[in-house]
Each structure stands twice: as structure tokens, then as C-alpha cells.
Protein chains: 2
Amino acid sequence: MSLTARQQAIFDYIAETIATQGTAPTRSEIARAFGFRSPYAAECHLKALEKKGAIELLGGTSRGIRLPGAARGAPAELPLVGRVAAGSPILATEHIERHYRVDDALFRARPDYLLRVHGESMRDAGILDGDLLAVRQTPEARPGQIVVARIEDEVTVKRFAQDGPKVRLLPENPDFAPIEIDLERQDLAIEGIGVGVLRDLDPQA
Amino acid sequence: MSLTARQQAIFDYIAETIATQGTAPTRSEIARAFGFRSPYAAECHLKALEKKGAIELLGGTSRGIRLPGAARGAPAELPLVGRVAAGSPILATEHIERHYRVDDALFRARPDYLLRVHGESMRDAGILDGDLLAVRQTPEARPGQIVVARIEDEVTVKRFAQDGPKVRLLPENPDFAPIEIDLERQDLAIEGIGVGVLRDLDPQA
DNA sequence: CCGGTTGCTGTCTATATATACAGTACAGGG
DNA sequence: CCCTGTACTGTATATATAGACAGCAACCGG
């Protein structure tokens, strides 16, 4: 059952109020906004909207109007990590350029932060210079996964491969050479695994 | 001036209530949650939090507590369009698989919907099979832009090039041939331009 | 023509809520 | 030692708000 034009207008008003004021409107506020002289007109609309499943009324609570669609909770705020300075943790405040809100459901694994990828070494995996890699923070990786690794204070994104005590970090671009690491002689820290890629395309040209 | 432990706890409770209930708590609800026997205790905390700038009180309005940081508003809900059937508009309800909430600020141009890309024809532009293309709906395109085009009821993603009355849709993969269209003899509809790419990486392997 | 739905007005009431005052207790700085 | 700030209790009140009843008018399908 779809909404009437009037009901849609009232639904939109409620949604807009929640978005701009941060709180749902009262019956009186709805009435005022639409010129009703009785708050009960708003009450009737609310009941109709609830019956059609467009909204959820909490009953007994002031401003107790909920949009069921929004019940999924706000999407996670992911910090965007730019260049990581040598020797400091990847999520140090000074690396965080800003926050983006990205729907969790977009990725099968929940990401913890976004890392801006520099260079062309993962080009053939469809990860280009400037792309944002959604990263799940974990100290372990399985072969074939795209990992964020730190070798001697350098943070790099590569495909992970392991052969006993030897780890190989494979670029996806023939112009770059694989990095071989003997765990017994060199330090390697897995900062996380890539769970998604985000790219902004230039709308100009 | 930073918050005391008690004030921080109350602030956290307010933030959590807004996130889970969709509406801010009343003084009484705060008092109940913390075991205060008087709602005035909550009132005092709210005033302290407001004085320190952590919250904003609306005054005279029930549940009128706002978190200044959250004023940014909810990110847009973008419909995900799967395969588009021949002859029907791209945003027809039956094509929409689900909705994702993606931060507008992620892309320089505001997208209108997400389109699942099929095939490898744009591989060298870093757009792989299964990727989601964030599309801004517009009937016009400039050379060099990645466009969503419809030719004879087929929807395709290619790079746009124009040479007078001849339009070329260029793949980014040497295994595919460019599509040449003479606008005087063939129909071409630009459905939109690509403003971003989203990819889910398989966390398994 | 009837019965249902939409879309309101006017009036009313119980309760939810914001907000106040007076007072207690404790802690830290000057 | 006084003063200011934190952290409450207990009581109180004005107002904000949800939610109800009765009724009117217009429309629409059977």
C-alpha cells in the first residue's frame, strides 16, 4: 500500500526534521508546518503512516517517531589515513585527514579505516594511485589477501604470500618486483587486510 | 576544558541513546539510567556539558539535546542497480537490488545511483567485473569521462569520445574493440557519468 | 445511495518533560 | 578558611506533548 500525496508530504517533513533538527517533530509542530489548526490531524496522519509501515510510533514518548529504514544505525565513520610517518602507529591522530561514513554492508568484512594508496604497484588488481583502500585491522593474513604491511617503518599495500618462514609481498604490476622477507632476519608487521576499494573519478574530464 | 569521568559517561549515554533509539533521552531517562533519584541531577550535568560545548540544549523542547558534531546529516542512500532489462528505465524499481549509504563527500560529484559493472572491458581503468560504479545521472558527457550509455537497449560502461556526429565508446582493455556510433543513424542515450568506483574485496582469500 | 477512506476542526485530558529552588556532601585551589 | 565546581536528593510547577472524542466535508467504488 503506497502513501497518498499528503501522507508522503508529512513523511518527508518528518524525515527532514529528523535530518536537520536531529529530533522528530511533535504533533503540534507537524500541524503548524502544514497549517492544521488541530494537532489531532497530525495524529491521524501519523497513525495512517504507521499502519502503512512508513514510520514507527513509540507511544507515550514525546517525539517518539522513528523511520524504520534508519533503524539500521548510522553507518560507521571510517577515518581516512593519509601518508603514515615512519615509526608511528597507523591510526595516530596526526595521520587522520578526515572521516567518511561508509555503509558497512558494502563490504563483506567490516573495515576499520581507509588508507590512501600511493603508487601504481597494485595497478593490475584494479587499485590505482590515489584510491582509498578500506582496511580491516588484523595482525594476521592469509595467502592471496591484499595486505597493508609495514616493513622497516614503510607502509605498503601488496598481495600476501607465505612460504614457511619466507613471506613474499607481491605487487600486481610487472614493473615492480616482489618483496621477499625472511621473518627470521627482518621485521614485518601486518597492519590489516584490504576489504574494499573506493575511488573518486574526476568529473571534469 | 575536558569532561569529568561522570560527564563523559553521561555524554556517552546520550550519544548511544540517539544512535540506538533515534531520539535523545529525557532528564528522567538519564536519571533512571544512572540511578539518580532526581532528574535535576541530570539537568545539572546537561548544563555542565552544554557549558563545555559537548552538547547543545534546545530549551523548552522535549528531548532537545543535540550533538553538535552530528549536525552533518545522514549520508545519501544510493540505490544499487543490477542488470538492466532491455527497454526499461535504469532506475526502474525492479532493477534496484538494495540501498547503500555512502558519504557524499567521498566523491567530487554527487552520485545518484550505483551500477554493478559486468565484464572486463574497463579493466585497465581499474574497473573490474562486479565493481559498483557510482553514477551521476546526466544526459550529457564530455570526452574522457566514463559514461553509462545505452545503445539499442544495452547498457554499457565505457570511456566517452566524440568526433563531430560520431561518438566512440572506448573500452579500457585491448581485448575489446571500441564502439563507434553515428548519431545520425543510431540511437545513443547517455544515462550518466561515472563519479566513483566501489569494490568489495573477498576477505577469504 | 451506502459505507469506507482521506483530511480536517475544536475541545479536552492525562501524562511526559523541562526546569526551578533549597539543601547536603566532598574535593581542590588560593 | 572561604570559594568554586562537582555531584547529588527531594520537592515542586509550568508547559510540552500524546492521544482521545465528536463531528464535518469531500471523494470513490459498489
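Everything quoted here is computed from the prediction, not taken from an experiment.
- Atom CG of A/Leu49 and atom P of C/dT5 are 16 Å apart (whole Å).
- Partners of A/Glu180 by side chain to side chain contact (heavy atoms under 4.5 Å, CB included), not counting sequence neighbours, listed by chain and number: A/Lys166, A/Arg168.
- Shown here are the side-chain hydrogen bond (donor to acceptor under 3.5 Å, both in side chains) partners of B/Asp129, two or more places apart in sequence or in another chain: there are none.
- The stretch residues 23-30 of chain B comes close to DNA chain C through B/Thr26, B/Arg27, each having a heavy atom under 4.0 Å from the strand.
- Regarding B/Leu57, its CG atom lies at a distance of 10 Å from the P atom of C/dA18, rounded to whole Å.
- Taking the salt bridge (Lys or Arg N to Asp or Glu O under 4.0 Å) definition, one finds that A/Arg110 meets it with A/Asp112, sequence neighbours left out.
- Not one side-chain nitrogen or oxygen of B/Gln7 sits closer than 4.0 Å to the OP1 or OP2 atom of D/dG5.
- Protein atom NZ of A/Lys51 is 11 Å distant from nucleotide atom C1' of C/dT6, rounded to whole Å.
- The CG-P distance, from B/Leu46 to C/dT17, rounds to 14 Å in whole Å.
- Axis angle between the ends of the helix from C/dC1-D/dG30 to C/dG30-D/dC1, five pairs each and rounded to 10 degrees, works out to 30°.
- Side-chain contact between B/Glu140 and B/Ile190 is absent, with no heavy atoms from C-beta onward closer than 4.5 Å.
- For A/Glu16, the side chain to side chain contact (heavy atoms under 4.5 Å, CB included) test picks out A/Thr20, with sequence neighbours left out.
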Donor-acceptor list for residues 24-33 of chain A side chains, cut-off 3.5 Å, not counting sequence neighbours:
{"from": "A/Thr26", "atom 1": "OG1", "to": "A/Ser28", "atom 2": "N", "distance (Å)": "3.4"}
{"from": "A/Thr26", "atom 1": "OG1", "to": "A/Glu29", "atom 2": "N", "distance (Å)": "3.1"}
{"from": "A/Arg27", "atom 1": "NE", "to": "A/Glu43", "atom 2": "OE1", "distance (Å)": "2.7"}
{"from": "A/Glu29", "atom 1": "OE1", "to": "A/Thr26", "atom 2": "N", "distance (Å)": "3.1"}
{"from": "A/Glu29", "atom 1": "OE1", "to": "A/Arg63", "atom 2": "NH1", "distance (Å)": "3.1"}
{"from": "A/Glu29", "atom 1": "OE2", "to": "A/Arg63", "atom 2": "NH2", "distance (Å)": "3.0"}

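- Listed by chain and number, the residues in a ring-ring contact (aromatic ring centres under 6.0 Å, His included) with B/Tyr40 amount to none (sequence neighbours excluded).
- B/Ala48 meets the side chain to side chain contact (heavy atoms under 4.5 Å, CB included) test with B/Gln7; sequence neighbours excluded.
- The salt bridge (Lys or Arg N to Asp or Glu O under 4.0 Å) test applied to B/Asp124 returns no partner, not counting sequence neighbours.
- Listed by chain and number, the residues in a side chain to side chain contact (heavy atoms under 4.5 Å, CB included) with A/Leu58 are A/Glu56, A/Thr61, A/Arg66 (sequence neighbours excluded).
- Regarding contacts with the backbone of C/dG7, a side-chain N or O of A/Thr4 is found under 4.0 angstrom from either OP1 or OP2.
- Atom-to-atom, CG of B/Leu58 to C1' of D/dT17 comes out at 16 Å; the value is rounded to the nearest Å.
- One atom, CD1 of B/Ile65, and another, C1' of C/dT19, lie 13 Å apart when rounded to the nearest Å.
- Rounded to whole angstrom, the span from the CD1 atom of B/Ile55 across to the C1' atom of C/dA18 amounts to 13 Å.
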Please enumerate all protein N or O atoms sitting under 3.5 Å from an N or O of nucleotides 8-12 of chain C, with distances to 0.1 Å.
{"from": "C/dC8", "atom 1": "OP1", "to": "A/Arg6", "atom 2": "NE", "distance (Å)": "3.4"}
{"from": "C/dC8", "atom 1": "OP1", "to": "A/Arg6", "atom 2": "NH2", "distance (Å)": "3.1"}
{"from": "C/dC8", "atom 1": "OP2", "to": "A/Arg6", "atom 2": "NE", "distance (Å)": "2.9"}
{"from": "C/dC8", "atom 1": "OP2", "to": "A/His45", "atom 2": "NE2", "distance (Å)": "3.0"}
{"from": "C/dT9", "atom 1": "OP1", "to": "A/Arg37", "atom 2": "N", "distance (Å)": "2.9"}
{"from": "C/dT9", "atom 1": "OP2", "to": "A/Arg37", "atom 2": "N", "distance (Å)": "2.8"}
{"from": "C/dT9", "atom 1": "OP2", "to": "A/Ser38", "atom 2": "N", "distance (Å)": "3.3"}
{"from": "C/dG10", "atom 1": "N7", "to": "A/Ser38", "atom 2": "OG", "distance (Å)": "3.2"}

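- Separating the NZ atom of A/Lys47 from the P atom of D/dG19 is a distance of 8 Å, rounded to the nearest angstrom.
- Taking CG from B/Leu67 and CD1 from B/Ile18, the interatomic distance works out to 4.0 Å, rounded to the nearest 0.5 Å.
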